[in-house]
A.B. asks: 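Input: one structure, supplied below.
Sequence positions, counted from 1, serve as the residue numbers for this chain.
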Amino acid sequence: MKLYNTFLAVVLTALFVPSPIIAHFAMMIPSKDVVSAEDKKEIDLFLQFTHPFEGGPQMQMDKPARFGVVVDDKVQDLLGNLKEKKIDGKSAWETTFKVEKPGDYLFYMLPQPYWEPAEDKFIVHATKVIVDALGAEEGWDAPIADRTGLWCEIVPMTRPYSLYAGNLFTGRVFMNGEPVPNAEVEVEWWGKGKTKAPTDAHVTQVVKADEHGVFSFAMPKAGWWGFAALMEGPDKIKHEGEDKSVEVGAVIWVYAHVME
Ligand SMILES: [Cu+2]
């Protein structure tokens, strides 16, 4: 009986020890959020799939399905420019983009569906990051999902560059052109594992959108902040002959500067 109880205790413990939420984020980080007249007219972009706060473990990112930029309302495909870079044996991607004129550059990326056995589903994070160049300061609020094949997106309501730590970031979640009421948005700071969270729950912050798909979050610290609105995708994808659901994430990255 005693042995049986011990066995039961072990099984129950295994069942009820919650695995911490592992928040994976597609990341697309430019070398600058604002390119000024005195800067080099180049933007380096780095794409990876990882856990930003903890700085790993790195996840495999196959060559994205789509990658490009929208500027002056024109879509420019940049997929062919991506170069593979291995981190801990996993693929990440990088490129350098030449800025030729003033504009708000809306970079977008749609990864290949990522099979996550632990969650029994695929993950696709449609990701955006917006860089202002040479004083244009307009165009950042344009929705681009329909033109770029992203399915879903966060359209910023706060200008998504030249922000300070402490600013409130507000965005609106869209899926197939419609706002997503009550969307759950995970928020993570790119800590690269250098900052210790007081508890596991502090690693990923969570906010919910209102009935219009609008959410806000005050960024308490300088650095890159990722916002991922997570939704169940409308389509299934086959994995080993079985239909599996797809977690669709609308992700946007913004940079908060230190205010001197
Ligand atoms: Cu992960």
Side-chain angles (χ1 to χ4, degrees), residues 25-48 50 52-53 55 64 66-85 87 92-109 126-144 147-148 150 153-171 187-195 216-227 251-260:
F25 276 69
M27 298 187 69
M28 178 164 55
I29 303 292
S31 44
K32 299 202 88 172
D33 65 325
V34 177
V35 178
S36 304
E38 60 270 17
D39 290 336
K40 196 168 64 147
K41 307 297 179 294
E42 286 181 348
I43 301 164
D44 300 325
L45 287 138
F46 187 58
L47 285 56
Q48 62 176 324
T50 189
F53 189 94
R66 295 165 188 267
F67 169 65
V69 67
V70 179
V71 60
D72 287 342
D73 252 8
K74 288 186 197 68
V75 181
Q76 202 182 333
D77 178 16
L78 302 170
L79 191 59
N81 299 0
L82 286 178
K83 289 191 189 69
E84 190 172 12
K85 183 179 178 173
I87 302 176
W93 301 86
E94 60 188 356
T95 189
T96 299
F97 178 82
K98 280 200 174 21
V99 173
E100 276 157 4
K101 58 183 179 196
D104 276 359
Y105 290 79
L106 288 72
F107 292 96
Y108 65 88
M109 179 255 293
T127 306
K128 285 164 65 175
V129 69
I130 296 156
V131 177
D132 173 63
L134 310 173
E137 295 179 30
E138 58 181 23
W140 53 268
D141 53 348
I144 60 165
R147 291 177 274 172
T148 55
L150 287 197
E153 67 182 318
I154 292 173
V155 174
M157 297 176 74
T158 306
R159 197 173 64 175
Y161 48 79
S162 62
L163 297 166
Y164 292 115
N167 273 20
L168 191 68
F169 178 75
T170 300
V187 186
E188 225 172 272
W189 178 71
W190 192 20
K192 305 176 190 174
K194 289 178 187 143
T195 296
S216 293
F217 179 84
M219 299 172 290
K221 194 172 166 76
W224 283 101
W225 286 90
F227 299 86
V251 179
I252 191 168
W253 283 91
V254 302
Y255 188 76
H257 290 252
V258 178
M259 192 165 192
E260 300 293 342

A.B. asks: Is any side-chain heavy atom of Val70 closer than 4.5 Å to one of Arg147?
C.D. replies: yes
A.B. asks: Quick test of your reading of the model: are Glu100 and Lys41 salt-bridged, counting only N-O distances below 4.0 Å?
C.D. replies: no
A.B. asks: In chain order, what residues pass the side-chain hydrogen bond (donor to acceptor under 3.5 Å, both in side chains) check against Lys74, with sequence neighbours excluded?
C.D. replies: none
A.B. asks: Sequence neighbours left out, what passes side-chain contact (heavy atoms from CB on, under 4.5 Å) with Asn81? Give chain and number order.
C.D. replies: Leu78, Thr95
A.B. asks: With Gln76, which residues qualify under side-chain hydrogen bond (donor to acceptor under 3.5 Å, both in side chains), at least two apart?
C.D. replies: none
A.B. asks: Which pair of non-hydrogen atoms, one from Gly55 and one from Thr50, has the smallest distance, and what is that distance?
C.D. replies: C-OG1, 4.2 Å
A.B. asks: Can you tell me how far CG of Leu47 sits from CD of Glu84, rounded to the nearest 0.5 angstrom?
C.D. replies: 12.0 Å
A.B. asks: Would you say Thr195's side chain and Gly191's backbone share a donor-acceptor pair under 3.5 angstrom?
C.D. replies: no
A.B. asks: Measure the shortest side-chain to side-chain distance between Ile130 and Pro156 over non-hydrogen atoms and say whether it is less than 4.5 angstrom.
C.D. replies: yes
A.B. asks: The criterion is side-chain contact (heavy atoms from CB on, under 4.5 Å); which residues satisfy it with Lys101, sequence neighbours excluded?
C.D. replies: Asp72, Tyr105
A.B. asks: Can you name the side-chain contact (heavy atoms from CB on, under 4.5 Å) partners of Ala222, sequence neighbours left out?
C.D. replies: Ala165, Val258
A.B. asks: Nearest 0.5 Å please: distance from the CZ atom of Phe53 over to the NZ atom of Lys194.
C.D. replies: 12.5 Å
A.B. asks: Is there a donor-acceptor pair closer than 3.5 Å between any side-chain N or O of Asp132 and the backbone N or O of Asp104?
C.D. replies: no
A.B. asks: State the CG-CZ distance between Asp77 and Arg66, to the nearest 0.5 angstrom.
C.D. replies: 9.0 Å
A.B. asks: For the pair Tyr161 and Trp140, evaluate side chain to side chain contact (heavy atoms under 4.5 Å, CB included) and give the outcome as yes or no after the intermediate values.
C.D. replies: CA-CA 9 Å; Tyr161 48 79; Trp140 53 268; 3.3 Å; yes
A.B. asks: Considering residues at least two apart in sequence or located in another chain, which fulfil the side-chain hydrogen bond (donor to acceptor under 3.5 Å, both in side chains) criterion with Glu94?
C.D. replies: none
A.B. asks: Measure up the Trp225 and Phe217 rings against each other and bin them: parallel (under 30°), tilted (30 to 60°), perpendicular (over 60°).
C.D. replies: tilted
A.B. asks: Closer than 3.5 angstrom, by distance alone: can the side chain of Lys192 be matched with the main-chain N or O of Pro52 as a donor-acceptor pair?
C.D. replies: no
A.B. asks: Considering residues at least two apart in sequence or located in another chain, which fulfil the ring pair (Phe, Tyr, Trp, His ring centres under 6.0 Å) criterion with Tyr108?
C.D. replies: none
A.B. asks: I need the Lys221 NZ to Trp190 CH2 distance, nearest 0.5 Å.
C.D. replies: 14.5 Å
A.B. asks: Nearest 0.5 Å, please: how far is CE in Met109 from OG1 in Thr127?
C.D. replies: 4.0 Å
A.B. asks: Closest heavy-atom contact between Pro102 and Ala136?
C.D. replies: C-CB, 3.8 Å
A.B. asks: Aromatic contact between Trp93 and Phe46, with the criterion being ring centroids under 6.0 Å apart: yes or no?
C.D. replies: no
A.B. asks: Apply side chain to side chain contact (heavy atoms under 4.5 Å, CB included) to Ile154 and Lys128, showing your working.
C.D. replies: CA-CA 8 Å; Ile154 292 173; Lys128 285 164 65 175; 5.8 Å; no
A.B. asks: How are the rings of Phe107 and Phe97 set to each other: parallel, tilted or perpendicular (split at 30° and 60°)?
C.D. replies: perpendicular
A.B. asks: With sequence neighbours excluded, what pairs up with Lys40 under the salt bridge (charged side-chain N to carboxylate O under 4.0 Å, His left out) test?
C.D. replies: Glu42
A.B. asks: Just checking Glu38: does its CD atom have more than 12 heavy atoms from other residues, nucleotides or ligands closer to it than 6.0 angstrom?
C.D. replies: yes
A.B. asks: For residues 25-35, tabulate all N or O donor-acceptor pairs below 3.5 Å that involve a side-chain atom, not counting sequence neighbours.
C.D. replies:
residue, atom, partner, partner atom, Å
Ser31, OG, Asp44, N, 2.9
Lys32, NZ, Asp39, OD1, 3.2
Lys32, NZ, Asp39, OD2, 2.8
Asp33, OD1, His257, NE2, 2.9
Asp33, OD2, Ser162, N, 3.0
Asp33, OD2, His257, NE2, 3.1

A.B. asks: Can you name the side-chain contact (heavy atoms from CB on, under 4.5 Å) partners of Thr158, sequence neighbours left out?
C.D. replies: Leu163, Phe169, Thr170
A.B. asks: Of all heavy-atom pairs between Ala133 and Val99, which one has the smallest distance, and what is that distance?
C.D. replies: CB-CG1, 3.6 Å
A.B. asks: Compare all side-chain heavy atoms of Met219 with those of Val254 and state whether any distance is below 4.5 angstrom.
C.D. replies: yes
A.B. asks: Name all residues meeting the side-chain hydrogen bond (donor to acceptor under 3.5 Å, both in side chains) criterion together with Glu137; count only those two or more places apart in sequence or in a different chain, and write none if there are none.
C.D. replies: Arg159
A.B. asks: Once rounded to the nearest 0.5 Å, what's the spacing between atom CD of Glu188 and atom CH2 of Trp224?
C.D. replies: 15.5 Å
